[in-house]
Amino acid sequence: MLSFVLSRGFCHVVAEVNSRSCPTFGSVLRSFTTASKGGEASDNASVVTYSQLKTMLSNRDIQLFDVRNPDEYQAGQIPQAVNIPLDTLEESLKLPPESFEQKFQVEAPEKDDDNIVFHCRSGKRSATALDIAHKLGFSRARHYKGGYIEWAEKEGK
């Protein structure tokens with residue numbers, strides 16, 4: 001039987017689906033391989049590349065949030081970035097617009113803005129920040145996966 005060769009997770013999916021409707025093997029495989037991974041901001045539509053970031057910065061069409069710690073931010077930052085450490089991000093995004101603007105000296109992001117970008121050192125914390133933002137309704141927010149490491153390397157810093 002084919003189910004003995006496949007992983008337990010896949011067999012569970014096959015058994016669960018078969019108990020409902022007996023679909024073709026192809027449709028089961030398709031649904032299994034295209035399932036999203038929870039907790040990972042790996043969707044390409046959610047990722048900003050270095051060249052996209054440069055364009056957004058030069059057009060001044062970006063709300064760039066650096067989710068690194070303040071000491072990392074002080075050691076070097078991407079121009080126009082506002083430091084909101086990851087451990088305060090959720091609380092900060094929930095602030096009323098006036099309070100956000102007072103605290104960070106920039107306009108508060110709106111939930112339907114498509115120019116919100118998070119970044120960190122290497123892309124891990126910004127992926128977490130993106131998950132937080134998406135859960136709060138900032139569905140069009142993205143993150144710069146290359147992080148400050150890639151930025152500094154490409155900018156020759």
Counting only heavy atoms not in E101 (residues, nucleotides, ligands), do more than 12 fall under 6.0 Å from its CD?
yes
Applying side-chain contact (heavy atoms from CB on, under 4.5 Å) between N115 and each of D61, N59, L64, report the one that passes.
D61
A side-chain contact here means heavy atoms from C-beta on lying under 4.5 Å apart; do D66 and I78 qualify?
no
Report the C-alpha separation of I62 and L53 in whole Å, then their side-chain angles, then the decisive distance to 0.1 Å, and conclude whether the side-chain contact (heavy atoms from CB on, under 4.5 Å) test is met.
CA-CA 8 Å; I62 190 167; L53 182 63; 3.3 Å; yes
Take E110 and R140 through the salt bridge (charged side-chain N to carboxylate O under 4.0 Å, His left out) test and state the conclusion after the steps.
CA-CA 10 Å; E110 295 185 18; R140 299 173 77 189; over 6 Å; no
Can you tell me how far OG1 of T55 sits from CD of Q52, rounded to the nearest 0.5 angstrom?
7.5 Å
Can you name the nearest heavy-atom pair linking F118 to A141, along with the distance?
CE1-CB, 4.0 Å
Between F65 and the options C120, P109, P85, the side-chain contact (heavy atoms from CB on, under 4.5 Å) test singles out P109
Would you mind reporting whether R142 and I116 have side-chain heavy atoms less than 4.5 Å apart?
no
Hey, could you give me the CG/NZ distance between L130 and K135, rounded to the nearest 0.5 Å?
10.5 Å
Y148 six-ring centre to R68 NZ/CZ under 6.0 Å and within 45° of normal
yes
Any side-chain heavy atom of Q80 sitting closer than 4.5 Å to one from R60?
yes
State plainly whether one hydrophobic cluster holds both V67 and F100, where clusters connect Ile, Leu, Val, Met, Phe, Trp and Tyr through side-chain heavy atoms under 4.5 angstrom apart.
yes
Measuring only between side-chain heavy atoms, which start at C-beta, is I132 closer than 4.5 Å to L86?
yes
Apply side-chain contact (heavy atoms from CB on, under 4.5 Å) to residues H143 and V47 and explain how you reach the verdict.
CA-CA 5 Å; H143 84 115; V47 174; 3.9 Å; yes
Verify same cluster id: Y73, V106 (apolar side-chain graph, 4.5 Å)
no
How about E150 and Y144: does a side-chain donor come under 3.5 Å of a side-chain acceptor?
yes
Between W151 and Y50, what is the ring plane arrangement, given parallel below 30°, perpendicular above 60°, and tilted in between?
tilted
Under 4.0 Å between a side-chain nitrogen and a carboxylate oxygen: does that hold for E98 and K103?
no
Nearest heavy-atom neighbours spanning M56 and V48:
SD-CG1, 4.4 Å
Do T88 and E91 pair up side chain to side chain, a donor and an acceptor below 3.5 Å, judged on atom types alone?
no
Going through the distances and angles, do E90 and L136 end up as a side-chain contact (heavy atoms from CB on, under 4.5 Å)?
CA-CA 8 Å; E90 184 170 355; L136 292 175; 4.0 Å; yes
Under 3.5 Å: donor-acceptor pair, side chain of K145, backbone of A127:
no
Going by atom types only, do Q77 and N83 share a side-chain donor-acceptor pair under 3.5 Å?
no
side-chain contact (heavy atoms from CB on, under 4.5 Å) between F104 and I84: does it pass, once the steps are laid out?
CA-CA 8 Å; F104 298 107; I84 305 178; 3.6 Å; yes
